[in-house]
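Let me begin by presenting the structure, written as C-alpha cells, before commenting on it.
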Amino acid sequence: MADILTPALGESVAEASIAKWTKKVGDAVKKDEVLVELETDKVSLEVVAPADGVLSAINAGEGDTVVPGTVLGAVTEGGAAAASAPAAPAAAAPAAAPAASGGAAVDIAVPTMGESVAEGSIGTWLKKSGDTVAKDELLVEIETDKVAVEVSAPAAGVLTIIAADGDTVTPGQVIGSVAASGAAAAAAPAPAAAPANTGSAQAPASAHLSPAVQRVVSENNLNPASLSASGPKGNITKADAIAAIGAAAPAAAAAAAAPAAPRADQPREERVKMTRLRQTIARRLKESQNTAAQLTTFNEVDMTNVMALRAQYKEVFEKRHGVKLGFMSFFTKAVVQALHEIPAVNAEIDGTDIIYKNHYDIGIAVGTDKGLVVPVLRDADALSLAGIEKGIGALGKAARDGALTMDQMQGGTFTITNGGTYGSLMSTPILNAPQSGILGMHNIVQRPMAVNGEVKIRPMMYLALSYDHRIVDGKEAVTFLVRIKELLEDPARALLDL
C-alpha cells in the first residue's frame, strides 16, 4: 500500500486546502495520474498517484486543511490493469460493436488546457453515443476558467461517450472513444448531412458554432454572420462572440424602446462562494491593516519631462529593444534610487529586529480576472529601462494567464501599484506585508500650475506612499517621496547620479 502525501507547498506556505478529488474510493488509478488538487494562498498544486492500483482510502475530504506530509489517502498497489481494462471495452461494446467490428477503439482524451489549469467542464456533446463521426470533426468543447478547448474526433468511426455534459474533467482523462470502422462508415454521414443543411439558411452558419459560442450568441441575440472569426479553420471563438457584445449593445438598446420584460428570469441576489485567492487577498490585507502602523503621505509630480523623453525616444527604443517604453520603468528606477538613500523603506520588522534588505526586488501589483496579485521583479537595481519593461511585461502576462510560480510571488522588498491605469485620481494603498512601503501611482491629469510666476497647463500625477510608521519615520517617508518626485521631474538626475 502506498500513501498519498501532501507535498512541500513553498517556502512561506504552511498549509493548503483540499479543492477536489478526481477519483472515488475503489476506483482504479495509474501511477502519476492526478488524484487531488490542493489550493494554497498563492497557487494550486496537483497530487498524483504514487503507484498503479486501486484508491483504497481518502483521509482528507474536500475543503479540509492539510499541511506538508499529511497522509491524504492510500493506493493499494496492483490490480490497476485488471480493474481498468474491462471498463472501456464494457462501456464501448454495446454501442460500438455493431458498426466497428473491423477496427480498434481510439480514446478521446482531454487535451492540456494551460500550465495552471487543472480541470475543466464538459460542454454539450454535438454527437450521441453510437453516432458515426468523421476524423477531426468537432465533438465537444471543454470550458475552463480561462479558455474554451475544442476536442475533435481522433479517427473516423463510431462514438462512445464516457463523460457526460457538465462533468468535471482533468488533462489526459479519457472522455470517450471512437471505434474505427473504415472509410465506408466515415463517408456514410455525409449524404445525410447535406439535406439537413439545405432546409435552412441559418444552418451553415450555426454549424460552425461550438456549444459555448452558440450559448453566447443566443443569449445576446447576435448574428453569427456578422461576427469576425479568429479561431482555427475560420471558426468563431467564444472570445469573438464576447467581443461583439459590446459593439451590439448600442443597437440593441435603440431597438429596445418598447418595455422589455423585467428581471423575472433572474434572482434579485446571488450568493457565490469566494475563491481561495479572494479569501487570501481579504485575509492578508486585513492582517496588514491590523499589524502595521500604516500612514500615507502624498505628493504630486509634474510628468512633463518624462512624457517628453518618452515621446522623443519611444519608437527608437521599441526598434532597438523590442519592447515599448512605458512609465513603469521610470518609476521603478526612481524607486530603487530612493530606496538606496532611505534604507528603512526597504526593510521589514521581524519580532524585535529590523531586517534591512540589501537587494531590490520590486513587487508590481497586477489586476487579473480572479483578483490582485503581486509578482516580483528581481534585482531591479541591476536592470536597464528595457530590462525592467520586459520583466514587467512577462510578469503581467503570466499573472493574467494564471501561470505565476511560487518563486515569482514571494520575497519582494517594496511594491508599486498603478491605479492610474483604471482612472484613479488618488488612493491610500494598503501595505503588502511584511514590507514597510508601497507606492501608489495615479491618473495623469492636465491641470493649471504656477510655473515661475506663470499659470501653465501641466500633466500632473498624484503619488501616495503608504508606510509602516513603526519603522519609517515621517521625515524619511516624505524625503523618500520627494526624492522620487525629483527624479521623475528631472530624469537627467538619475543619469548623473544626483
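The chain is numbered in sequence order, starting from 1. Since we're looking at a predicted model, the values are computed, not measured.
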Atom of Y422, atom of G367 and distance for their closest heavy-atom approach:
OH-CA, 3.8 Å
Would the distance check show the side chain of T6 and the main-chain N or O of G69 forming a donor-acceptor pair, the cut-off being under 3.5 Å?
no
Would you confirm whether the ring centroid of Y467 sits within less than 6.0 angstrom of the ring centroid of F414?
no
Quick check: closest heavy atoms across M460 and D302, and the distance to 0.1 Å?
SD-CA, 3.7 Å
Quick one, I122 and I142 - any side-chain contact, counting heavy atoms below 4.5 Å?
yes
Going by an N to O cut-off under 4.0 Å, is there a salt bridge joining E348 and K357?
yes
D379 and side chain to side chain contact (heavy atoms under 4.5 Å, CB included): which single residue from V336, I362, D361 fits?
D361
Heavy-atom donor-acceptor pair, S384 side chain to G387 backbone, under 3.5 Å:
yes
Donor-acceptor under 3.5 Å (D32 side chain, V48 main chain):
no
Hey, which of R447, R458, H442 is the one that makes side chain to side chain donor-acceptor pair (under 3.5 Å) with E300?
R447
Test log, rule side chain to side chain contact (heavy atoms under 4.5 Å, CB included), inputs V376 and M409:
CA-CA 6 Å; V376 178; M409 294 281 288; over 6 Å; no
Side-chain contact, heavy-atom cut-off 4.5 Å: H340 with D381?
yes
May I ask you to decide if A344's main-chain N or O and S436's side chain share a donor-acceptor pair within less than 3.5 Å?
yes
Check whether the side chains of N346 and T413 place a donor and an acceptor atom closer than 3.5 Å, and report yes or no.
yes
Determine, step by step, whether V366 and R400 satisfy the side chain to side chain contact (heavy atoms under 4.5 Å, CB included) criterion, reporting the C-alpha distance in whole Å, the side-chain angles of both residues, the deciding distance to 0.1 Å, and the verdict.
CA-CA 8 Å; V366 179; R400 287 185 290 273; 4.3 Å; yes
Please name the pair of heavy atoms, one in T332 and one in A380, separated by the smallest distance, quoted to 0.1 Å.
CG2-CB, 4.0 Å
Nearest heavy atoms of F298 and L481, plus distance in Å
C-CD2, 3.7 Å
Counting only heavy atoms from other residues, nucleotides and ligands, does the tally under 6.0 Å from CG of N358 exceed 12?
no
Are D468 and R470 ion-paired here, with the side-chain N under 4.0 Å from a carboxylate O?
yes
Does atom CD of E315 have more than 12 heavy-atom neighbours from other groups under 6.0 Å away?
no
Is E287 paired with R283 through a side-chain N to carboxylate O contact shorter than 4.0 Å?
yes
Taking E486 for its side chain and R483 for its backbone only, find out whether a donor-acceptor pair lies under 3.5 Å.
no
Less than 4.5 Å apart, side chain to side chain, heavy atoms only: is that true for K20 and V36?
no
Do M441 and T417 come close enough that some side-chain heavy atom pair is under 4.5 Å?
no
With no hydrogens and no angle check, do the side chains of Q294 and S288 hold a donor and an acceptor under 3.5 Å apart?
yes
Any side-chain donor near an acceptor of the partner, D407 and T405, under 3.5 Å
no
Salt bridge check, K485 against E489: does any charged N sit closer than 4.0 Å to a carboxylate O?
yes
Residues T296 and S466: side-chain donor-acceptor under 3.5 angstrom
yes
Establish, for the pair R310 and F330, whether the NZ or CZ atom is under 6.0 angstrom from the six-membered ring centre and no further than 45 degrees off its axis.
no
Check the angle between the aromatic planes of H321 and F317 and answer parallel, tilted or perpendicular using the 30° and 60° thresholds.
tilted
